[in-house]
Protein chains: 2
Amino acid sequence: MQSLVYDLPMSRRTALHGPRCPITFALDIFGDKWSLIILRDMVFKGKRHYREFLASAEKISTNILASRLKRLEAEGLISKARDTKNQSKFVYSLTGKGEALLPVMLELIRWSAKYDPQTGISDNIVNGAPAQLLERLDEDRDALIEEILRG
Amino acid sequence: MQSLVYDLPMSRRTALHGPRCPITFALDIFGDKWSLIILRDMVFKGKRHYREFLASAEKISTNILASRLKRLEAEGLISKARDTKNQSKFVYSLTGKGEALLPVMLELIRWSAKYDPQTGISDNIVNGAPAQLLERLDEDRDALIEEILRG
DNA sequence: CCGGATCCGTTTCGATACTG
DNA sequence: CAGTATCGAAACGGATCCGG
């Protein structure tokens with residue numbers, strides 16, 4: 001049985017009412033594998049539709065996907081709208097708050113590139129190889145961010 | 001019954017053997033609430049002992065803490081040693097790989113500061129208020145990182 | 001005391017089937 | 001197409017026990 005707060009995670013239900021340590025706020029997102037995967041797919045793979053999220057290599061199941069989309073929307077990180085091209089589809093897109101997570105993800109990529117031998121030299125990310133992306137991250141970070149978000 | 005791979009997370013057990021999308025590598029850490037809490041406490045609260053981790057506001061339980069410490073050690077993010085002051089205690093500390101996550105966390109803090117009204121203006125983090133920390137993050141980031149890790 | 005391991009009731013997840 | 005419903009499996013949380 002889904003409760004009134006349906007799928008709101010524990011850290012929100014028991015939220016303290018005072019200032020709290022940094023990072024804590026982000027635990028609901030960066031502390032949940034599936035939320036991260038969805039955000040990754042939106043940012044780096046340009047996914048916008050339910051079907052596309054289902055197709056990730058990590059094989060998210062339909063109920064979990066639905067719950068996370070709902071949660072991300074409730075958190076104000078994504079928004080949902082009908083597809084103007086196809087009235088029977090929905091389009092999910094990042095809000096400003098969601099887009100603002102890109103710098104975090106880029107630092108995560110920098111870290112992965114350094115310590116994960118499998119994070120792919122041959123795996124294209126945006127419009128170039130990760131190696132290029134990392135160079136640009138050092139040199140013109142703001143332009144890179146703009147480019148990833150706007151295409 | 002703990003298996004041979006004790007608590008190795010799913011994303012590792014089913015790891016693909018080829019280049020993969022960025023972020024994916026980090027899912028075992030950034031994708032697990034408890035691992036993140038432990039890292040947060042080590043970096044921003046200077047915790048080093050089992051007892052200290054247990055005392056977090058999130059109330060991690062002993063079995064979960066033990067499993068995550070083991071996992072973080074297996075991932076090479078932390079190391080474990082006997083406390084020279086007290087032979088019956090252990091000291092956990094960040095490895096280089098673990099310390100290298102600090103830039104990610106700092107971006108997370110920047111994000112939280114912008115969108116979470118509760119991330120505390122009055123909550124001291126290192127040796128000053130978050131407001132100061134954010135200023136320094138813009139101005140002399142590298143020195144700030146050094147100070148957090150060594151200071 | 002310290003750092004867990006073990007047991008066990010409860011919660012959450014995940015795969016599949018099904019529906020508006 | 002975009003989700004619910006269901007139900008077994010896994011993870012969690014709390015209490016307790018145990019070797020050093």
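Just so it is clear: chains get the letters A, B, ... in the order the sequence lines come, proteins before strands, and each one is counted from 1.
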Practice task
Check whether any side-chain nitrogen or oxygen of A:Lys70 sits under 4.0 Å from OP1 or OP2 of D:dT4, and answer yes or no.
Solution key: yes

Practice task
Run the numbers on A:Lys80 and A:Val91 for side-chain contact (heavy atoms from CB on, under 4.5 Å), then give the verdict.
Solution key: CA-CA 6 Å; A:Lys80 179 182 179 178; A:Val91 186; over 6 Å; no

Practice task
Identify which nucleotide among C:dG3, D:dC12, D:dG3 has an atom closest to any side-chain atom of A:Phe90, counting heavy atoms from C-beta outward.
Solution key: D:dG3

Fill in the blank from the handout: To the nearest angstrom, the CG-P distance between B:Asp32 and C:dT12 comes to 16 Å

Completion exercise
B:Leu69 atom CG is separated from C:dA5 atom P, nearest whole Å, by 10 Å

Exercise for the section: Report the residues that fulfil side-chain contact (heavy atoms from CB on, under 4.5 Å) with A:Glu52, sequence neighbours left out, ordered by chain and then residue number. Expected result: A:Lys47, A:Arg48, A:His49

Handout entry: Rounded interatomic separation in angstrom, taking CD1 from B:Ile37 and P from D:dC12
Key = 11 Å

Problem - By salt bridge (Lys or Arg N to Asp or Glu O under 4.0 Å) - contacts of B:Glu135 (at least two apart) - result: none

Handout entry: Nearest-Å distance for atom pair CZ/P, residues A:Phe53 and C:dG14
Key = 17 Å

Problem - Side-chain (B:Arg68) to main-chain (B:Ser35) donor-acceptor, under 3.5 angstrom - result: no

Handout entry: Contact list for DNA chain C against residues 79-87 of chain B - heavy-atom distance below 4.0 Å
Key = B:Lys80

Practice task
Apply salt bridge (Lys or Arg N to Asp or Glu O under 4.0 Å) to A:Glu107 and A:Arg110, showing your working.
Solution key: CA-CA 5 Å; A:Glu107 289 297 337; A:Arg110 200 206 298 270; 3.2 Å; yes

Exercise for the section: Using atom CD1 of B:Ile64 as one end and atom C1' of D:dA11 as the other, report the distance to the nearest whole Å. Expected result: 7 Å

Exercise for the section: Could you check how far NZ of A:Lys33 sits from P of D:dA11, rounded to whole Å? Expected result: 10 Å

Problem - Distance in angstrom units between A:Glu52 CD and D:dA2 P, rounded - result: 9 Å

Practice task
Specify the separation, in whole Å, of atom CG of B:Leu65 and atom P of C:dT6.
Solution key: 16 Å

Problem - side chain to side chain donor-acceptor pair (under 3.5 Å) partners for B:Ser61, two or more places apart - result: B:Asn63

Exercise for the section: Please determine if a side-chain N or O atom of A:Arg68 lies less than 4.0 Å away from the OP1 or OP2 oxygen of C:dT12. Expected result: no

Handout entry: B:Asp83: salt bridge (Lys or Arg N to Asp or Glu O under 4.0 Å) partners, not counting sequence neighbours
Key = none

Exercise for the section: Could you please spell out the steps behind the side-chain hydrogen bond (donor to acceptor under 3.5 Å, both in side chains) verdict for B:Arg40 and A:Thr24? Expected result: CA-CA 8 Å; B:Arg40 176 200 69 188; A:Thr24 308; 2.9 Å; yes

Exercise for the section: Can you check each nucleotide of nucleotides 15-20 of chain C against protein heavy atoms at under 4.0 Å and return B for base, S for sugar-phosphate only, - for none, in 5' to 3' order? Expected result: BBB---

Exercise for the section: Return yes when atom NZ of B:Lys114 has more than 12 non-hydrogen atoms of other residues, nucleotides or ligands closer than 6.0 Å, and no otherwise. Expected result: no

Handout entry: Sugar-phosphate only, base, or nothing, as touched by B:Tyr50 at under 4.0 Å among non-hydrogen atoms
Key = base

